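Note that the structure is a prediction, hence the values are computed from the model and not measured.
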Amino acid sequence: MEVEKDLIKREIQKLNLLLNSLIDKISGINSNNAKSGIGEINKDLKNKFDLSLDKITQMENSELIKHISELHESHAEKIVELLYEIVMKTESLDFGENYEKRKIAQKAITIIDFLNQKSETFSMKRINMKNVLQQRRI
């Protein structure tokens, strides 16, 4: 039983590392590599979480919440951070795709609201991200 718990913990940590690397990748994107960088992020999201930016923006909120609720809470937190960073980057770069900043911001807010309801942990980081995203979705 202990081995099984360790295996699950390692898998959770591995996926957190992946999400952290995707967040770092967004931070390093510039106008020259924006399209390929977003493509790589979409590929990793699809392979590990059955998500993509297009899928996230096109999902109904209830469908998105259902999908997110099946993930580990730390993964949902990291996905919000990733969406937040993407919104921040779309203000300065053209991703070469039709990624609407407002839709991504709205979906990130939806996930934040879900996490605020579900989580037993109060998060100033989530509150700050939500405040910034609410300004970006106007």
- [ ] Could you please spell out the steps behind the side-chain contact (heavy atoms from CB on, under 4.5 Å) verdict for Ile68 and Leu71?
- [x] CA-CA 5 Å; Ile68 292 295; Leu71 301 177; 3.9 Å; yes
Open item on the list: side-chain contact (heavy atoms from CB on, under 4.5 Å) for Leu45 and Ser52? Distances and angles first, verdict last.
Closed with: CA-CA 6 Å; Leu45 284 175; Ser52 69; 5.5 Å; no
Open item on the list: Using 0.5 Å steps for rounding, measure from the NE2 atom of His72 to the OG atom of Ser74.
Closed with: 4.5 Å
TODO: Start with the C-alpha distance between Lys78 and Asn20, add both sets of side-chain angles, then the distance that settles side-chain hydrogen bond (donor to acceptor under 3.5 Å, both in side chains), and finish with yes or no.
DONE: CA-CA 7 Å; Lys78 293 293 181 187; Asn20 281 332; 2.9 Å; yes
Open item on the list: Please list all pairs meeting salt bridge (charged side-chain N to carboxylate O under 4.0 Å, His left out) that have one or both residues in residues 7-22, counting only residues at least two apart or in different chains.
Closed with: Glu11-Lys14
- [ ] Specify the closest pair of heavy atoms between Arg126 and Thr121, including all atoms of both residues, with the distance to one decimal.
- [x] NH2-O, 2.8 Å
Task: Ser119/Glu73 under side-chain hydrogen bond (donor to acceptor under 3.5 Å, both in side chains): CA gap, chis, key distance, verdict - done: CA-CA 8 Å; Ser119 179; Glu73 185 176 330; 2.8 Å; yes
Task: Distance-minimising heavy-atom pair for Lys25 and Gly37 - done: CD-O, 4.1 Å
Task: Nearest-0.5 Å distance that lies between atom CD1 in Ile112 and atom CD in Gln134 - done: 8.5 Å
Task: Value rounded to 0.5 Å, distance of CD1 in Ile104 from OG1 in Thr90 - done: 6.0 Å
Open item on the list: Could you measure the distance from the CD1 atom of Ile29 to the NZ atom of Lys35? Nearest 0.5 Å is fine.
Closed with: 13.0 Å
Open item on the list: Within the supplied structure, the quantity of interest is the number of heavy atoms (other residues, nucleotides, ligands) at a distance under 6.0 Å from Lys48 NZ; does it exceed 12?
Closed with: no
Task: From Ser21 atom OG to Asp44 atom CG, the distance as rounded to the nearest 0.5 Å - done: 6.5 Å
Task: Donor-acceptor pair, side chain of Asn42 and main chain of Leu53, under 3.5 angstrom - done: yes
Open item on the list: Keeping Asn30 on the side-chain end and Asn33 on the backbone end, is there a donor-acceptor pair under 3.5 Å?
Closed with: yes
Task: Leu22 and Ile26: CA distance, side-chain angles, deciding distance, side-chain contact (heavy atoms from CB on, under 4.5 Å) verdict - done: CA-CA 6 Å; Leu22 296 180; Ile26 278 294; over 6 Å; no
TODO: Hey, could you give me the CD1/NZ distance between Ile86 and Lys107, rounded to the nearest 0.5 Å?
DONE: 14.5 Å
Task: Pairwise side-chain contact, Lys46 with Leu51, heavy-atom cut-off 4.5 Å (strictly under) - done: no
Task: salt bridge (Lys or Arg N to Asp or Glu O under 4.0 Å) partners of Glu70, counting only residues at least two apart - done: Lys66
Task: NZ/NE/NH1/NH2 to OD/OE distance under 4.0 Å, Glu81 and Lys125 - done: yes
Open item on the list: Please tell me whether Ile12 and Phe49 are part of a single hydrophobic cluster in this structure, the criterion being side-chain heavy atoms less than 4.5 Å apart.
Closed with: no
- [ ] Answer yes if Leu82 and Val132 sit in the same cluster of Ile, Leu, Val, Met, Phe, Trp and Tyr residues linked by side chain heavy atoms under 4.5 Å apart, and no otherwise.
- [x] yes
- [ ] Kindly indicate whether the side chain of Glu77, heavy atoms from C-beta on, has any atom under 4.5 Å from the side chain of Ile111.
- [x] no
Open item on the list: Restricting to non-hydrogen atoms, name the atom on Ala76 and the atom on Leu115 that form the minimum distance, rounded to 0.1 Å.
Closed with: CB-CD2, 3.8 Å
Task: Full working for side-chain contact (heavy atoms from CB on, under 4.5 Å) between Phe122 and Ile127 - done: CA-CA 9 Å; Phe122 178 79; Ile127 289 172; 3.2 Å; yes
Task: Sequence neighbours excluded - salt bridge (charged side-chain N to carboxylate O under 4.0 Å, His left out) pairs with any residue from residues 108-124 - done: Asp113-Lys130
